[in-house]
Number of protein chains: 2
Amino acid sequence: MDYQKQLQNYFAEADENCLPGLSIDCVIFGFSNNQLKVLLLRWKYTEEWGLPGGFIYKTESVDVAAQRILKERTGINKLFLQQFHTFGDDVRYNREEISRKLHWPDPATRRWPNRTVSIGYFALVDFSKVTPTADFLTDECRWWDVENLPSLLFDHNHVIEVALKTLRVQLSWQPVGYNLLPEKFTMPELQRLYETILNRPLDPRNFSKKMRALGIIERLEEQRRGGAYKSPYLFRFDKEKYKKALKEGNLAFS
Amino acid sequence: MDYQKQLQNYFAEADENCLPGLSIDCVIFGFSNNQLKVLLLRWKYTEEWGLPGGFIYKTESVDVAAQRILKERTGINKLFLQQFHTFGDDVRYNREEISRKLHWPDPATRRWPNRTVSIGYFALVDFSKVTPTADFLTDECRWWDVENLPSLLFDHNHVIEVALKTLRVQLSWQPVGYNLLPEKFTMPELQRLYETILNRPLDPRNFSKKMRALGIIERLEEQRRGGAYKSPYLFRFDKEKYKKALKEGNLAFS
DNA sequence: CCAAAAGTGTTAAACGTACACCCATGT
DNA sequence: ACATGGGTGTACGTTTAACACTTTTGG
């Protein structure tokens, strides 16, 4: 089997060139169809899903490694990426269980350390600009609703939960809308993004008022045609004002 | 020199029993004399100060290691301790510079990895309950004003800055007063704690009003006698209500 | 013409902020 | 008696929260 050899090579290289016992996990958030999504990978020849992750080269900063891993494993480049927690429990997974689930032969398994400390990053991306692509370790790469995840490998369900919690807390200071939405969007779309992340309904009149009062978005003449029912106006973020407001911490949303 | 041998033993043990290339740094905050303080250690036979830190045993969770290190190196036990950031730059210190500053012989130095990823924790402690004690690696352990730190070893000045920033942001959700103040305290003391962390003056009338409105502190009949001038009332945190308010995120302070 | 989503304004309550004087105490 | 820090209330402006009807559109 060619795949087994690739696996062995991968771990052998990591062993030689990467920091031992340390890894990175990336939680990539996107928003589409009024749902917050996470990008997951399905490992080759299995039905097992997990977060994209990888190792850190010995001469590479952890932040740079996170960007590289994202790029290598999902094709996504240069985006909003933030460290949110380091997962250091002594038992985060069972090596034998993982090895069984992934159909790994013993030699490959043994290369996987018994214990790994993992640094968690989350990314916010424009769903419409991502073309999920599987890499040599995986068969499939696709978006999953945050609300409806399968049981994942390792402690990845927990990692996603912590990322979500961080995202909620940081809603007020992070350019969430700016990174998760396409360039042009409607007010209801923005509202549903906030509702999804905050996990509670918001009043459309108050929401619209507040968002527009922040002065970080502008309404275009254009309307979104083609959908059924009344055509909503399109909006666009004013990048400069958004950044300025973020710096001043003006984007709290209670 | 006995110390050199101890050093070598220490690193040899760490090499054998600890996770390689990973360390923990602890930023311990205290409050006294209207100043926010950090606990620092002076390395033996030098004038070089740094944060208490250490390594993680191979069978120990990172959180537990942080508590153990704190206890071992400062005598402080069982307190508020929170991971705040992982420092993963590829060049966080110069091994030769460190070795020179600490008067380390080559063999000991070579045991120190060329690169270490460090997980930062910050602790909030009751200043009055801590008896700073140096350990076998250090000559002295004492509090320093956050506003007036010396140039520290490694990237520890930067680590403290990030911890402070985190502390400021989290003032609203963390039991800062509860952990940094003695059981009984006066309103001006609490106010100065907040002023110090937020780094700006607050109006005493508004501060008192707001704090008491939160319903998490109770005024005792007792007053603090002995100081000159008018005797201030003593207050105490209502632990239950404090925890409840924290859960509900009601402790924002703008 | 109908169903469904988009869009919008007013009011009351809560909260934040600015501001100044008297009081208690030890020396 | 006095110097010093402790203690307190009011008024104004801003922000939030609650609330319902009309408009637009495609089918």
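Residue numbers begin at 1 in each chain, while the letters A, B, ... track the order of the sequences.
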Atom pairs under 3.5 Å: protein N/O with N/O of nucleotides 21-23 of chain C:
none

What are the atom names and distances for every N/O pair under 3.5 Å that joins the protein to nucleotides 8-12 of chain C?
| from | atom 1 | to | atom 2 | distance (Å) |
| --- | --- | --- | --- | --- |
| dT8(C) | OP1 | R219(A) | NH1 | 3.0 |
| dT10(C) | O4 | K209(A) | NZ | 3.0 |

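Mapping Y229(A) and Q223(A) onto DNA chain C by nearest heavy atom places Y229(A) at the nucleotide closer to the 5' end.
Considering all non-hydrogen atoms of both residues, N157(B) and P150(B) come closest at ND2-O, 3.1 Å.
Across the protein-nucleic acid pair, F207(B) atom CZ and dG9(D) atom C1' stand 18 Å apart, rounded to whole Å. Rounded to whole Å, atom C1' of dA5(C) lies 12 Å from atom CG of N34(A). Taking atom CZ of R224(A) as the reference point, atom C1' of dA5(C) lies 14 Å away to the nearest angstrom. Here the P atom of nucleotide dT16(D) and the OH atom of Y194(A) are 13 Å apart, to the nearest Å. Atom pair L202(A):CG and dA18(D):C1' shows a separation of 14 Å (rounding to whole Å applied). Rounded to whole Å, atom C1' of dA18(D) lies 14 Å from atom CZ of R200(A). In this structure, Q191(B) places its CD atom 13 Å from C1' of dT8(D), rounding to the nearest Å. For the pair F185(A) CZ and dA6(C) C1', the computed distance is 16 Å after rounding to whole Å.
Geometrically, R73(B) engages W43(B) in a cation-pi contact, judged by NZ or CZ lying under 6.0 Å from the ring centre and within 45° of the ring axis.
Remark: the backbone N or O of L202(B) is paired with a side-chain donor or acceptor of Q191(B) at under 3.5 angstrom. Side-chain atoms of D135(A) come within 3.5 Å of backbone N or O of T138(A) as a donor-acceptor pair. Using modelled atom types, no side-chain atom of D145(B) and backbone atom of E147(B) make a donor-acceptor pair closer than 3.5 Å.
Aromatic pair Y121(B)/F84(B): centroids not less than 6.0 angstrom apart. The aromatic ring centres of F185(A) and F237(A) sit less than 6.0 Å apart.
Evaluation of the side-chain contact (heavy atoms from CB on, under 4.5 Å) rule for K129(B) yields D126(B) as partners, not counting sequence neighbours.
In summary, the side chains of S61(A) and D89(B) do not present any donor paired with an acceptor at a separation below 3.5 Å, with no hydrogens or angles considered.
Not one side-chain nitrogen or oxygen of R225(A) sits closer than 4.0 Å to the OP1 or OP2 atom of dA6(C).
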